Structures are given as structure tokens and as C-alpha cells.
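Please read the structure below before turning to the comments.
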Amino acid sequence: MLNIIFFGPPGSGKGTQSKMLLKKYKLEYISTGDILRDHIAKRTPQGVEAKALIDKGQLVPDELVVQLLESKLTENKDANGFLFDGFPRTLVQAYILEGLLLKINTSLHTVIALDVPKEELTRRLLNRAHIEGRSDDNEIVIQERFREYDNKTFPVIDFYKSRNMFIPIDGTGTETKIFERVENVIDGVVKESSYNVVLIGRPGSGKGTQGEIFAKKHNFHYLSTGELLLSEINKGSEIGKNVKSLYSNGISVPDELIIRLVEEEMRKYNEHRGYIFKGFPRTLIQTYILEGMLRRMNTSISLVVYLDVPMLNCFKRLSKRAQTNDARPYDLTTDLIIGRMEEFETKINPVIKYFKSKNKLVRVNGIGSPEEVAEELDQILVKSLKKII
Ligand code: AP5
Ligand code: MG
């Protein structure tokens, strides 16, 4: 999710820039001004209460705004992100927004503030009065809106400055020029954000090969639970001793142990674009666990790639590998391979269904040379991740 606030005094161009931004990124638009004007037009009880205040240039009470906004957020909790225009406008609203976003498992990415001198703002608003005829665009009310902004909205700046999210930009010049500045800010934010990708696929589908290639190329941390287990076994650690026989027989290791290893690895490596998880999660329970772990780190699963290779091809690949120096103990007999295939087929379906319902699953054809598959995976992943944020 990409969540952005457009901040700035009346007439600074929040609405204008929002329209341009929405065209580029598919975000849910939340303009409290528009929502209130809609209520006024429909003469709802909230609209009647708001009209009297808006016509005087005063802010409407926090409770009223939050009431109208909350349902819009929860109804769209699966959106690509939210663009807020004219909200939050008070410190209380800023705190409330933090809580509301947390409730739908997301958080704010940036606050873009449009800087425009007061004389220019007044000129723009009086000019808009001729075009749109908004009841609050007249000289007296404009002055009151500025006063409300200075008294109640301006303090919100410090709130976001202290969270390192406040980015002021020059709001003068042509709309296109300003939009270029906005885009620059967002590109920077996107670059800094972390993505987490889960790779799933049958044993032998090439997850390890592909995961490592992609991680190296795009500065992700490749996290394979199979490899973490193997390194514990080789070290002869307590965990290693416990799991040795399960591992060699291709039997799933208890969740508690896997979680410990994954958590430790994530604590050690966190300076990168995100993780590529391979071999984990492989059950719905592990999926929920991973989601919880990532949430605590203020991030989430961005995308799940299903590397699709038919069972027969996987079988052939694994049997072939079993005859090389790279042979794994769990590939040595047909029974072992069948056992792992069965385990995969039964446990992974609920996981696939879960991510499909969240619109996070992409399928990549895993047939072809490793280079060919890597190229397709690269294209699909880069495109999908761009869409996400
Ligand atoms: P709201 O609708 O949010 O109004 P506002 O903050 O006063 O902002 P405006 O919509 O007037 O300006 P804008 O920054 O969107 O600029 P725009 O792009 O239109 O709120 C209205 C009222 O509702 C408030 O006063 C309050 O009472 C209430 N309210 C709303 N939210 C609330 C909340 N959260 N809590 C409490 N009360 C709330 O541009 C302005 C004009 O300039 C346009 O004509 C445009 O074409 C022109 N323009 C834009 N860019 C440029 C440019 N680069 N060069 C020249 N002209 C430009
Ligand atoms: Mg506006």
C-alpha cells in the first residue's frame, strides 16, 4: 500500500495535484472537503451541520470528519493505497489517522506539503470563485480559512516532521512543473520502501535457483528455511540435532523451530529492499505467522509468486539431481519425492487460495532454461511490484 497526504493551505493546489496523481497511481482518493460538500448537496444531518461552519471558513468538528472517513477506509482496506487531501487538519485528526491505518494493517508513507505564498493563494481562490462558485471562496471567508489553517492545521506539520515524513515542495509554477516535483518525491519514497516476496512452487520447481538470482540482482535478502536448517545441521547446533532426521526424510519441521530461525535471520539482515522467502510459509498457519512477524516490522507480504512446473517435470528434475554431487538426502528415493509432493499439494492449496483472495498471487511459468525463467520472473515481479506501490 502507498499512503500519501497532500498538505497545504487553502488554494495551494491539493485538489489539482491529487487529480493528476490519481491518474498515475491507482489510489483511493479521500478528500474530506469533497465528502463534506457531497453531504451538504444531499442535505444529510452531517451536511447541515457542516454547511454552517464551512460557510464561515471554520473547520468542522473532528468527530464529524472522522465518522465520515472511517467507513471509507475500512470499505477499501484492500486498495493499492490512499491519497488524503485536506485531512488531517488538526493534531487530533493526525493521531486518529495513525490509529485508523493501523486498524487496516497499513501506515502512512509520506506527507507532501505544497508551499505557496498567501497573495498567490488568495488570487487563485478568488479566481476559482468565478469558475466553480464554491460558497467559501470569497474574500472574508478565505481570510478566516487562512486563520483556521494557521491556528489548527499548521501545528500538524511538527507531528509529521518528528516522524520524518514531512516533505515540503515549491507549489508555485505550472501544474505540470509542480507535478514533476511531486512525482520525484514519490519515486524516492517508493525506492526506499520494502517489498517482501514469497516464492511457492512444487519441490524441484526452481524456487531456490530463481529466488537467489532475483535477490542478488535487486538487492533483496534471500531467506530459505531449507538452507537455514541445513546450516544448523552442519553446525551441529541444538536445533540442527533436533531436525536432522526430519530434514533428511523430507518431513516438515515443527513450526516453533522454523519461526525461531526465520525471526533470527530477519533480525540479522534488514538493510535491503526486502525479503524473498523460499520454502516458507508452506501452510496457512505459517502464512499467518509470517504476516504477524512482518507487521511488527511495519511491513507486509507484497506479492506471492507461484512458480508453476507440472509434477512430472519436477519429478524428472529431482531424480536427475539425485544422481549428481548436488544430491539432497530427501531426493534419494521415489518414495521420499512422492511424500514431499503430497505434502505440498495438500498444504499449499489453502495458502494459494488465501493470497488469490487478497489479489497478491501471480503465476510464473517455471518451464524453460533457468535463464529464460529468470527473465520472465524478473519482468513479472518488477511490473507487479511497481503496481503495488
Ligand atoms: P477543502 O475542500 O479541503 O478546501 P481547502 O483546504 O480550503 O482547499 P481548497 O480546495 O480550497 O484548495 P486546494 O489546495 O485543493 O487547491 P485547488 O487544487 O482547488 O475544505 C473546505 C472546508 O471543509 C474547510 O474550510 C473546512 O470547513 C471543511 N473541512 C474539510 N476537511 C476538513 C477536516 N479534515 N477537518 C475539519 N474540517 C474540514 O486549487 C485552487 C485553485 O487554484 C483552483 O482554481 C486551481 O485551478 C488553481 N490552481 C491550482 N494549481 C495552480 C497553479 N499551479 N497555478 C495557478 N493556479 C493553480
Ligand atoms: Mg481542494
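All values reported here derive from a predicted model rather than from experimental measurement. Note that ligands are numbered from 1 as they come in the structure, with each ligand's atoms numbered from 1 the same way.
For K72, the NZ atom sits in a packed shell: over 12 heavy atoms of surrounding residues, nucleotides or ligands are nearer than 6.0 Å. No more than 12 heavy-atom neighbours from other residues, nucleotides or ligands sit within 6.0 angstrom of NZ on K51. Residue-environment remark: CD1 (I140) stays at or below the threshold of 12 foreign heavy atoms within 6.0 Å. In this structure, K161 places its NZ atom where only 12 or fewer heavy-atom neighbours from other residues, nucleotides or ligands lie under 6.0 Å away.
Residue-ligand proximity: G173 is placed with a non-hydrogen atom under 4.0 Å from ligand 1. Contact between L53 and ligand 1 is absent, with no heavy atom of the residue lying under 4.0 Å from the ligand. Residue I178 places a heavy atom under 4.0 Å from ligand 1. Distances from ligand 1 to the non-hydrogen atoms of T172 include no value under 4.0 Å. For the pair G8 and ligand 1, no heavy-atom separation below 4.0 Å is found. Remark: distances from the non-hydrogen atoms of R134 to ligand 1 include one below 4.0 Å.
Under the 3.5 Å distance criterion, with hydrogens and angles disregarded, a donor-acceptor pair is assigned to the side chains of E291 and Y354. There is no side-chain donor-acceptor pair under 3.5 Å between T172 and E120. Side chain to side chain, H39 and E49 fail the donor-acceptor criterion of an N or O pair below 3.5 Å.
Salt-bridge formation is detected for the pair R145/D137: a Lys NZ or Arg NE/NH1/NH2 atom is positioned less than 4.0 Å from an Asp or Glu carboxylate oxygen.
Inclusion of R128 in the set of residues having an N or O under 3.5 Å from an N or O of ligand 1 is warranted. Inclusion of D85 in the set of residues having an N or O under 3.5 Å from an N or O of ligand 1 is not warranted. Considering backbone and side-chain N/O atoms, S12 comes within less than 3.5 Å of an N/O atom of ligand 1. Not one N or O of L36 is nearer than 3.5 Å to an N or O of ligand 1, by distance alone.
Under a 4.0 Å criterion applied to the non-hydrogen atoms of T16, ligand 1 contributes the atoms 17 (P), 18 (O), 39 (O), 45 (C), 49 (C). Distances below 4.0 Å separate heavy atoms of F87 from the following atoms of ligand 1: 34 (N). If you number the atoms of ligand 1 from 1 as listed, the ones under 4.0 Å from a heavy atom of L125 come out as 11 (O). The ligand atoms of ligand 1 that sit less than 4.0 angstrom from a heavy atom of Q58 are 26 (C), 27 (O). Within the listing of ligand 1, atoms 13 (P), 15 (O), 18 (O) sit less than 4.0 angstrom from a heavy atom of G15. For ligand 1, the atoms closer than 4.0 angstrom to any heavy atom of V60 are 36 (C), 37 (N).
Heavy-atom proximity to atom 12 (O) of ligand 1, evaluated over G11, G86, G13, is greatest for G11. Here the shortest heavy-atom distance to atom 5 (P) of ligand 1, taken over R37, Q17, R89, belongs to R89. The option with the heavy atom closest to atom 47 (C) of ligand 1, from among Q93, R124, E148, E144, is R124.
Only one option out of K56, Q58, R89 pairs with E148 in a side-chain contact (heavy atoms from CB on, under 4.5 Å); it is Q58.
Alongside L121, the hydrophobic cluster contains V116, L125, L126, I142, F146 (criterion: ILVMFWY side chains under 4.5 Å).
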Side chain to side chain contact (heavy atoms under 4.5 Å, CB included) between L223 and Y269, worked out: CA-CA 10 Å; L223 195 157; Y269 300 96; over 6 Å; no
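In the hydrophobic clustering of this structure, L102 does not group with L294; members are Ile, Leu, Val, Met, Phe, Trp, Tyr whose side-chain heavy atoms approach within less than 4.5 Å, directly or through other members.
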